[in-house]
Amino acid sequence: MKEGLIEFDSHVFSLDTIKKTLYRFSDKCSFDIAMKDNIITVVFQAKTEEDWIGKIKNEVLDQDLRDIISKETENIRTLILANAFSNTGLIE
Amino acid sequence: MSLSAKKFKLIESFDQATDGNYQLLPARFVALDDNRYLLSNEVGEFLVISRDQLRNYVKKQVPKYSAYYYDLKSKGFLIDKDSNVAVDLLALKYRTKAQRISQFTGLHIFVVTLSCDYSCQYCQVSRQANNDPTFNMSEKTADKALDFVFRSPSRVVKIEFQGGEPLLNFNLIRYIVTTGKTRNAQYKKDLQFVICTNLSLLTEEVLNFCMEHNICLSTSLDGPEWLHNANRPRSGKNGYQLTIEGIKKAQSVLGKNSIGALMTTTEKSLPNVQSIIDTYLENNLNSIFLRPISPYGFAVKTRQAYKYDVDQWFEFYKKGLHYIIEVNKQGYHFIESYTQIILNKLFSPFATGYVDLQSPCGAAISAIVYNYDGDIYASDESRMLAEMGDKKFRLGNVNDGYEHIMLSDILLDTLESTLSESIPMCNDCGFLPYCGTDPVYHYATQGDVVGNKALSGFCSKNMKIFRHIITLLEDDMEARNILLSWIFYD
Amino acid sequence: MINLFSNNNRALGAIYHQKPFIAKITTNANLPKALRSNQILLVSHPEQPISNDFSLVLVAHDTKLSSINTLHLAPELRYLKDNDVVKVYPDSLTIYVLYRYKANANFFPVTERCNSFCIMCSQPPKDTEDDYRVDDMLAALPLLPPDTPEISITGGEPTLLGDNFIRLIQASKRHLPNTSLHILSNGRNFKNLNLAARVSRIKHHDLMIGIPLYADYSQLHDFIVQADNAFDDTIRGVLNLKRCQIPVEIRVVIHKQNYHRLPRLAEFIVRNLLFVDHVALMGLEITGFAKSNLKALWIDPYDFQNELKEAVETLANSKMRVSIYNIPLCVIHDSVRRYAVCSISDWKNEYLEVCMNCSAKQLCGGFFSSNVDIAGENIRAI
């Protein structure tokens, strides 16, 4: 298909997740996004014929995983970086 | 198990972890192909896994006694109640990789003249006609530039002479080398010199000087004679012949390891990767750098920059790498340099110095350029952009203070904006630890130092290369062994 | 295999000593009298005189003579030579050999206590009061010839000695300023930075600490050493030692429980411990616990040659120094044979009959005496 519409439940996927996903397709498609009554609606127009709905849905799932990782590891990441840049050098 | 049961406990007794109860460590992932993903951590350790394995990892469903669980643990993707030393190790490894930022400016480029005896179609340097002294660097400028060089904290400093054709101002090269070495007695840095030259002026005097001071040479060899001369026309003697003669002379006087060559890809090169590599093999060279074309200088004016898209160049690279691996299988150790850099990023605990793949970008902190007129640029590309009329990345002049240059807004803003971790699409890309940012490229092509990576030729090219190399490592054991032998550990 | 102690000695007359004592061996019956009281004379031939004034005389030939302060030396100890150092227990007439000048390795086991309980331990730990071992080493050190190339401190776990551990390193430096010191430790107590710093402050001229790491993840390593948190402690210990710029060697004993992870362990070491000074990949010595746990541990090295090859290549490619110890050349993949080192202490080193025709016998370390029965059908002459 070259154009279409996908709906996402905003309780399942955040608006940020959807936006980050669509950004990755910005060379191939253009998008309109709207949110009403907790439903996120994405309307797309692509340059070529491909299974865009399938691709976008899959990428949303992947992006969702990324967001889970990011949230869970935020604190430990700060700890690791703080540790990395702290001043423990060689002991004379 | 058959341990004498009285005294010894089984492995379960020493495992304080419980199923489904592990903690994720920072990780990113990216699809390699339809079935596989690359999972990478903050310091570039990685695993190639399936989609299911990825989901299980994130959803904490990897079973405790599987090899996959232990791989995730050992490579720093999770910690559990049994062990958390991975956190200490990650901090140490991150620090090691970040070292280059505090040890900044390893590469100092001196543009000693803009004069050149060639008229290369794709010239990024915007050369000037021969021997107009206004386009030569003066000793006074060189002295001031050397002041800057020795302000670098980096223990290893490489001074690279570029041009035009730098040998057209050989006296200044001589001056800079001798003055530099004398001044270095105080700083005791590991000081190295390279001359990027077309070799047409490689006299005995120059060779002796290089031998005396351990100077390496780097030249352009675009391929077989017809291709080299088509890309790099020269009035007078046959450029290809001069280059080959120069290489032979340099190899015999300075040794095979003291001269390297690189090629630049043009439209004409694209169908001929094998014969280009053959030219290198015939001339006893150790390595080739399969470079694409960059959108600067004369390349844009003559419309060379847009003549081929990333896909076409990538086919060229793929065929070239395949052929090179075949050559290695025959026992000849020949390296493709860009691949080698990526392999280092994948496997070595150390950062690489390659300027164009750094985060934050290599501007001024990996390399810095002192132009013939004393103007200082954040990188090679920055200077080329200036020659096209856009001085956005000019940091100042050698007459300005070191702090004024290194703490200038343009530099700090650029560094700050080019941290991959802060860039959309880059910040959660599995290739982040191996990739970099190229602010000048994105500025030149999209008008913005960050750019939209979905539209970026830089991103597209690099992702294709990463996918290709990692897939080779996974699927082709023979190729894998050869590629692993290319890695150098510092 | 040679014995390092024996109680098969017979008194040939009354012995002066009442308490155990440590002294150096000499074969020089004409030693100046002023020097004799501190040395033990070894008499090997009947024609040689039994001189007076030595601390003790050992007669290494069969004699019917009586002589005061003289022992008839057990046959199994007759390899003793000049400059060797022994401890003599006058009540039981037992002699322990503490140091051999011509040995390829000299170990001082300074305690039998340990905080690990490795399933293949060749020196099974004992929870005893054995401070006398510290005293023995301190007494022996001044007697060692100054051209001794290297000595080792082992155990048990030497760092359990606390202050005495520091004293031993200091004494090694003081008495033998030209001798390398190799310490075998599980590294766990070095998770306290203070201990590493104390060792560093001694500024021993040539010290290396050999620390075992058996797996690339905690569950397996902790199981092999039978101690919780051992993996984390050991890694932290290594990091602290390197922060204090003390040379560290990682030692990996390979057996059935961990050979399959060997390539991953090599990758782990390259990514995380690239700064260690040496990596030793070692064959199993079938003595102590290794013998009782043989079924769980023994695998013919021939069967892990691929894992060993991969691990060596990973380590060598990264420019780390790597060696293979205690594995015969014929069962090592030939592309990595050059990393094998003759490493078995001479007193427990043997070869098989099939080795006698082997072209590589001079280069090969052979077998542990305790391993010869199980060596396996893959041993062959190269």
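Here is the naming used below: chain letters follow the sequence lines, and residue numbers restart at 1 for every chain.
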Give, as side chain, backbone, both or neither, the part of [X] having an atom under 4.5 angstrom from any heavy atom of chain A.
X	answer
B:Lys60	side chain
B:Gln23	both
B:Glu421	side chain
B:Lys59	side chain

| request: May I ask you to check whether A:Asn83 and B:Tyr94 show a side-chain donor-acceptor distance below 3.5 Å? | output: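 There is no such pair (donor and acceptor under 3.5 Å, judged by atom type) between the side chains of A:Asn83 and B:Tyr94.
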
| request: Indicate whether the side chain of B:Asp428 and that of A:Ser70 have a donor and an acceptor atom separated by less than 3.5 Å. | output: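 Short answer, no.
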
| query | Rounded to the nearest 0.5 Å, how far apart are CZ of A:Phe85 and CZ of B:Arg95? | reply |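 Between A:Phe85 CZ and B:Arg95 CZ, I get 8.0 Å after rounding to 0.5 Å.
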
| message | Please report the interatomic distance NZ(A:Lys20) to CG(B:Asn427), rounded to the nearest 0.5 Å. | response |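 Reported value, rounded in 0.5 Å steps: 6.5 Å.
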
| request: Report the option among A:Ile80, A:Ile68, A:Leu81 that has the most heavy-atom pairs separated by less than 4.5 Å from atoms of chain B. | output: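 When all of A:Ile80, A:Ile68, A:Leu81 are compared, A:Ile80 has the most.
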
| task | Find the one option among A:Leu65, A:Leu79, A:Asp62 whose heavy-atom pairs under 4.5 Å with chain B are most numerous. | result |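 Greatest number of close heavy-atom pairs with chain B: A:Asp62.
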
| Row check, B:Phe29 ring normal vs A:Arg66 NZ/CZ: under 6.0 Å, within 45° |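 Yes - A:Arg66 lies over the ring of B:Phe29, closer than 6.0 Å to its centre and within 45° of its axis.
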
| task | Determine the sole option in B:Asn84, B:Ile79, B:Leu90 for which the side chain to side chain contact (heavy atoms under 4.5 Å, CB included) test with A:Ile76 is passed. | result |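 Running side chain to side chain contact (heavy atoms under 4.5 Å, CB included) over B:Asn84, B:Ile79, B:Leu90 with A:Ile76 returns exactly one hit, B:Ile79.
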
| field | When B:Ala31, B:Pro424, B:Ala98 are compared by non-hydrogen pairs under 4.5 Å with chain A, the top option | value |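 Ranked by heavy-atom pairs under 4.5 Å with chain A, first place is B:Pro424.
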
| said: How close do A:Leu61 and B:Arg51 get, counting heavy atoms only, and between which atoms? | reply: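 Closest approach of A:Leu61 to B:Arg51, heavy atoms only: CB-NH2, 4.3 Å.
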
| query | Which pair of heavy atoms, one from B:Asn452 and one from A:Ser26, lies closest together, and at what distance? | reply |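 Looking at all heavy atoms of both residues, the shortest contact is ND2-OG, 3.1 Å.
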
| query | Under a 4.5 Å cut-off applied to non-hydrogen side-chain atoms, are A:Lys71 and B:Leu24 in contact? | reply |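 Result no, sub-4.5 Å side-chain heavy-atom pair not found.
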
| request: Tell me the residues of residues 455-466 of chain B whose non-hydrogen atoms fall below 4.5 Å from those of chain A, in number order. | output: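 At a heavy-atom separation under 4.5 Å, chain A is reached by B:Leu455.
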
| query | Between A:Asp67 and chain B, which part of the residue has a heavy atom less than 4.5 Å away: side chain, backbone, both or neither? | reply |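 A:Asp67 has no heavy atom closer than 4.5 Å to chain B.
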
